[in-house]
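Below is one structure, written out as structure tokens; comments come after it.
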Amino acid sequence: MKYLGLFVLISVLVWACRKDKIQFEVTPYQLQIPGHFPAMQIPADNPMTVEGVALGRKLFYETRLSLDNSIACASCHVQENSFGDPRQYSEGVNGTLGTRNSIALINLGWQQSFFWDGRAKTLEEQILEPVPNPLEMHQSWDKTVAKLSADQNYRNEFFIAFNASEITKELVSKAIAQFLRTLISANSKFDVMYKVANSIPLSAADQNISAQITPEEWYGFDLFKSLNDGDCFHCHNGALMQVQKFSNNGLDFEPADLGRESITGNSADHGKFKVPTLRNIALTAPYMHDGRFATLDEVIEHYSSGIKKTEYTDPLIEFAHQGGVQLDAAQKSALKAFLLTLTDEQFVKNKAFAKPE
Amino acid sequence: MAVLYVICIMKRFNFYFISCALLSLVLVLGACDKDDEPDTPPQTTGTVHEVSIYPFFGADSLYLDSVYQTVEGYRVKFTELKLFCSEIGNSGGTIAVDAALFDYAYSQHRFCSFSAATGLYPNLSGYIGIDSLRNHADPSAFPTSSPLNIVNANDMHWGWNPGYIFMKIEARVDTIDDGSDLFDHNVVFHVGNDENRVLFGFPSVNWKQENGKEIARIKWDLAAVLQGASPIDFKTEFTSHSAPGQEALSLKVITQTAAALSILP
């Protein structure tokens with residue numbers, strides 16, 4: 001009997017000392033997917049949370065990701081340029097220049113490959129590259145993690161977002177990916193035009209915008225879709241204004257940059273690059289993988305009369321044999337007017353995407 | 001509690017003693033980490049049936065970007081082969097697969113799979129193309145697992161009301177027999193529109209058992225497409241987007257494609 005009390009005491013101590021996991025309950029992040037967009041597929045190992053998105057946004061603007069603490073992702077992906085870079089080539093640490101124009105970060109949650117040559121299959125994989133790249137942030141991930149880990153605030157935020165007691169590069173990537181998936185652009189005049197073309201009901205706000213669309217803009221949309229005029233839709237199609245493919249669009253007879261071929265080793269991919277979205281195209285100059293065209297006029301001129309046809313040119317550029325679609329001045333003007341309807345002012349001014357205060 | 005009292009009486013043990021002992025037992029057991037059992041995924045009923053498509057050029061297996069020769073002597077490299085099929089089922093009207101997309105470049109021979117009782121599909125039929133109702137529906141509204149969702153359909157949808165592209169054949173052709181390689185003649189057949197939906201069928205399917213699955217392999221003979229009921233000459237018939245004026249060629253391509261499908265032994 002006298003040992004019973006001791007037995008009870010020990011049992012209580014065992015109970016009290018059990019290692020309950022201290023967990024912070026994250027808040028699911030509700031992505032606002034536009035009604036005319038498909039659902040976004042979120043990887044099972046990186047669900048969207050309020051805490052993860054907030055951390056990712058902070059990291060996107062964090063210059064300690066670079067060797068000399070001078071460059072963040074946002075240095076080459078500028079919000080007012082629809083998260084593209086207005087410079088032909090981005091500048092890395094110590095002013096080193098890249099070899100391709102930075103792609104605008106729009107609607108990334110629907111992409112099936114990343115980089116101009118598609119070498120990354122997931123957003124999380126893509127994010128891991130710029131930090132150690134000598135042409136970009138030029139800092140090892142070990143050093144990057146050490147810098148972040150030295151910051152008590154980051155340690156707390158990673159713990160809250162991922163229940164992680166240690167910061168790793170994978171978690172950094174996941175956080176930034178969560179933030180990038182929130183960069184959804186779907187509020188342009190074009191979106192109303194798309195809904196009209198697809199018999200999708202318009203809201204009152206849409207109807208108001210619809211009334212402002214000019215006949216020239218509608219004509220430009222027709223040219224864009226027409227097989228015998230702009231013929232743009234084969235690659236720039238649907239609500240996302242792109243298809244997921246790589247294409248050689250006749251920029252060069254002998255491309256200096258092999259593009260997709262450098263990844264696949266397949267000569268059929270010679271000079272092919274990822275087809276970009278045309279959303280916010282008015283804001284994402286310069287154009288093409290190497291930023292060779294400074295203006296939309298130059299782009300339109302390329303497709304109109306500047307195509308360099310080789311056996312690798314995309315067969316969907318059906319007028320390549322004559323240099324292009326041969327638009328006249330009025331058609332070029334209308335096509336440009338249509339392209340300008342793809343601008344989403346809300347996207348580039350959204351404070352939720354800006355540098356946290 | 002009744003049992004407790006019986007024990008106390010029988011054993012003349014103090015009730016307090018029994019209660020404390022039981023409490024201790026509960027506390028100790030409760031200190032143990034209880035890992036949740038992982039959920040067991042529900043078992044599908046029936047046997048998995050897999051259907052795949054093997055492009056050929058006559059007797060030769062067809063590989064993208066490899067060179068084949070047409071009856072006219074043209075050398076051709078096929079670069080894209082896609083089929084958007086629907087309502088695949090048996091002659092009794094049982095639909096196994098409501099939509100399936102074959103994309104040779106992206107997913108090689110994979111076409112569709114379904115679970116069913118063995119022997120339920122001694123034959124197969126379906127459509128190359130999508131029924132009118134779904135063909136004009138919002139491609140963003142289909143479930144993410146459906147081939148009809150725009151994320152999966154990708155460039156097999158025209159982006160506006162005309163709907164889905166039912167089939168694609170793209171190729172580069174060297175039409176000049178001069179000993180030099182110049183595949184500069186492009187062939188683009190994009191066939192869609194409601195009126196071009198065509199039926200295909202196999203009265204007898206040779207299912208093979210492999211690794212616990214039922215496997216059927218379809219042969220798509222591109223040479224037979226070109227040499228069908230109305231031969232197609234790549235030099236003069238090389239483009240169709242099913243636009244006005246292209247109706248005849250569109251229908252010819254898709255009809256002869258349906259006729260060029262057969263079950264591999």
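Side chains are part of it too, since the values below use all heavy atoms of this structure and drop only hydrogens, waters and symmetry mates. Keep in mind the model is a prediction, meaning the values are calculated, not measured. All chains are named by letter (A, B, ...) in the order of the sequence lines, taking the proteins before the strands, and each is independently numbered beginning at 1.
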- prompt: If you look at every heavy atom in Glu170(B) and Pro315(A), which pair is closest and at what distance?
  reply: OE1-CG, 3.8 Å
- prompt: Any residues in residues 65-78 of chain B near chain A, with a heavy-atom distance under 4.5 Å, and which are they?
  reply: Asp65(B), Lys77(B)
field: Nearest heavy-atom neighbours spanning Leu316(A) and His190(B)
entry: CD2-CE1, 3.3 Å
field: Under 4.5 Å from any heavy atom of chain B - which part of Ser267(A)
entry: neither
- prompt: Is it true that atom CD of Gln108(B) has more than 12 heavy atoms of other residues, nucleotides or ligands lying nearer than 6.0 Å?
  reply: no
Heavy-atom proximity to chain B below 4.5 Å, by part of Asn228(A): neither
message: Pair Met40(A), Thr144(B) - check side chain to side chain contact (heavy atoms under 4.5 Å, CB included), show working.
response: CA-CA 8 Å; Met40(A) 186 189 293; Thr144(B) 50; over 6 Å; no
message: With a 4.5 angstrom heavy-atom cut-off, is it the side chain or the backbone of Tyr106(B) that approaches chain A, or both, or neither?
response: side chain
- line: Residues of residues 108-122 of chain A with a heavy atom under 4.5 Å from any heavy atom of chain B, in residue-number order, are Trp110(A), Gln112(A)
field: Exercise: identify the closest heavy-atom pair between Arg172(B) and Thr313(A)
entry: NH1-O, 3.0 Å
task: Give a yes or no answer on whether the side chain of Lys245(A) reaches the backbone of Asn154(B) with a donor-acceptor pair at less than 3.5 Å.
output: no
- prompt: Given the rule in the side chain to side chain contact (heavy atoms under 4.5 Å, CB included) test, do Glu318(A) and Asn186(B) qualify, once you have shown the distances and angles that lead to the verdict?
  reply: CA-CA 8 Å; Glu318(A) 296 198 8; Asn186(B) 293 322; over 6 Å; no
query: Non-hydrogen atoms of chain A under 4.5 Å away: do they reach the side chain of Asn149(B), the backbone, both or neither?
result: side chain
- prompt: Which bit of Gln244(A) is near chain B, if near means a heavy-atom gap under 4.5 Å: side chain, backbone, both or neither?
  reply: both
message: Students often mix this up, so state it plainly: with edges at 30° and 60°, are the rings of His241(B) and His234(A) parallel, tilted or perpendicular?
response: tilted
task: Mind listing the closest non-hydrogen atom pair of Ile150(B) and Pro38(A) along with its distance?
output: CG2-CG, 3.4 Å
query: Considering only heavy atoms, which portion of Val188(B) lies under 4.5 Å from any heavy atom of chain A: side chain, backbone, both, or neither?
result: side chain
task: Using the side chain to side chain contact (heavy atoms under 4.5 Å, CB included) rule, take Asp138(B) and Asn198(A) through it: C-alpha gap first, then chi angles, then the decisive distance, then the call.
output: CA-CA 7 Å; Asp138(B) 180 0; Asn198(A) 285 280; over 6 Å; no
query: Counting only heavy atoms not in Asp177(B), do more than 12 fall under 6.0 Å of its CG?
result: no
- request: Supply the atom-to-atom distance Leu227(A) CG to Ser242(B) OG, rounded to the nearest 0.5 angstrom.
  value: 9.5 Å
